[in-house]
Amino acid sequence: ENVAYLKNKEGHVFHISKRDKKGDAYSMHVADSSGKKVKDWGSHSSVDGAKKFAVNRGIIDEETILERIDRKLKERKNG
């Protein structure tokens with residue numbers, strides 16, 4: 001089950017998915033525009049940690065437009 005899709009400048013998508021195996025809760029990989037897996041980046045214990053990993057490795061920009069919208073909506077909801 002994918003929990004996040006973050007697109008980068010090259011048109012690839014960084015996927016964060018729930019894992020069924022023991023250990024870290026989320027797996028990370030990059031797929032091309034056709035959906036073919038290009039690179040497996042392993043796993044991480046949290047979604048936020050996986051996003052930070054992708055930013056630190058230069059896989060995605062620090063904040064995508066969708067994340068910015070999501071953050072703004074959460075800010076409005078929390079007042």
Side-chain angles (χ1 to χ4, degrees):
E1 173 189 339
N2 287 315
V3 292
Y5 304 88
L6 306 164
K7 198 168 192 175
N8 68 12
K9 294 174 219 160
E10 292 84 29
H12 293 137
V13 179
F14 182 74
H15 292 262
I16 303 169
S17 309
K18 278 194 139 302
R19 290 184 58 186
D20 294 332
K21 298 177 184 178
K22 288 188 176 188
D24 291 335
Y26 300 94
S27 63
M28 307 174 293
H29 74 271
V30 173
D32 64 16
S33 58
S34 70
K36 181 181 174 189
K37 189 184 282 190
V38 177
K39 173 79 173 159
D40 186 340
W41 285 101
S43 61
H44 212 285
S45 58
S46 70
V47 173
D48 288 337
K51 288 178 183 178
K52 192 171 193 175
F53 171 90
V55 169
N56 290 340
R57 294 286 177 114
I59 301 166
I60 60 169
D61 290 335
E62 188 161 351
E63 185 176 51
T64 65
I65 291 172
L66 292 176
E67 287 180 310
R68 197 171 307 134
I69 291 168
D70 187 45
R71 180 175 48 82
K72 293 287 185 182
L73 289 171
K74 285 179 183 176
E75 288 172 358
R76 286 183 189 163
K77 182 180 176 184
N78 295 331

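Here the structure is a predicted model, which means the values were calculated and not measured.
Note: Met28 CE to Ile59 CD1 = 7.5 Å, rounded to the nearest 0.5 Å. With rounding to the nearest 0.5 Å, the separation of OG in Ser27 from NE2 in His44 is 12.5 Å.
With contacts defined as side-chain heavy-atom distances shorter than 4.5 Å, the pair Val13/Val30 does not qualify.
Residues Ser33 and His12 come closest through the heavy atom pair N-CD2, 4.5 Å. Looking at every heavy atom in both residues, Ile16 comes nearest to Ala50 through CD1-CB, 3.7 Å.
Take His15 and apply the ring pair (Phe, Tyr, Trp, His ring centres under 6.0 Å) test, not counting sequence neighbours, and it matches Tyr5, His29. Annotation: side-chain hydrogen bond (donor to acceptor under 3.5 Å, both in side chains) contacts of Arg57 (sequence neighbours excluded): none.
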What's the verdict on side-chain hydrogen bond (donor to acceptor under 3.5 Å, both in side chains) for Ser46 and Asp48, showing C-alpha distance, side-chain angles and the deciding distance? CA-CA 5 Å; Ser46 70; Asp48 288 337; 5.9 Å; no
Please test Lys18 against Tyr26 for side chain to side chain contact (heavy atoms under 4.5 Å, CB included), starting from the C-alpha separation and ending with a verdict. CA-CA 5 Å; Lys18 278 194 139 302; Tyr26 300 94; 3.7 Å; yes
List the steps and the verdict of side chain to side chain contact (heavy atoms under 4.5 Å, CB included) for Asp70 and Lys74. CA-CA 6 Å; Asp70 187 45; Lys74 285 179 183 176; 3.5 Å; yes
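By the neighbour-count criterion of 12 heavy atoms within 6.0 Å, atom CG of Asp40 is densely surrounded, having more than that number from other residues, nucleotides or ligands.
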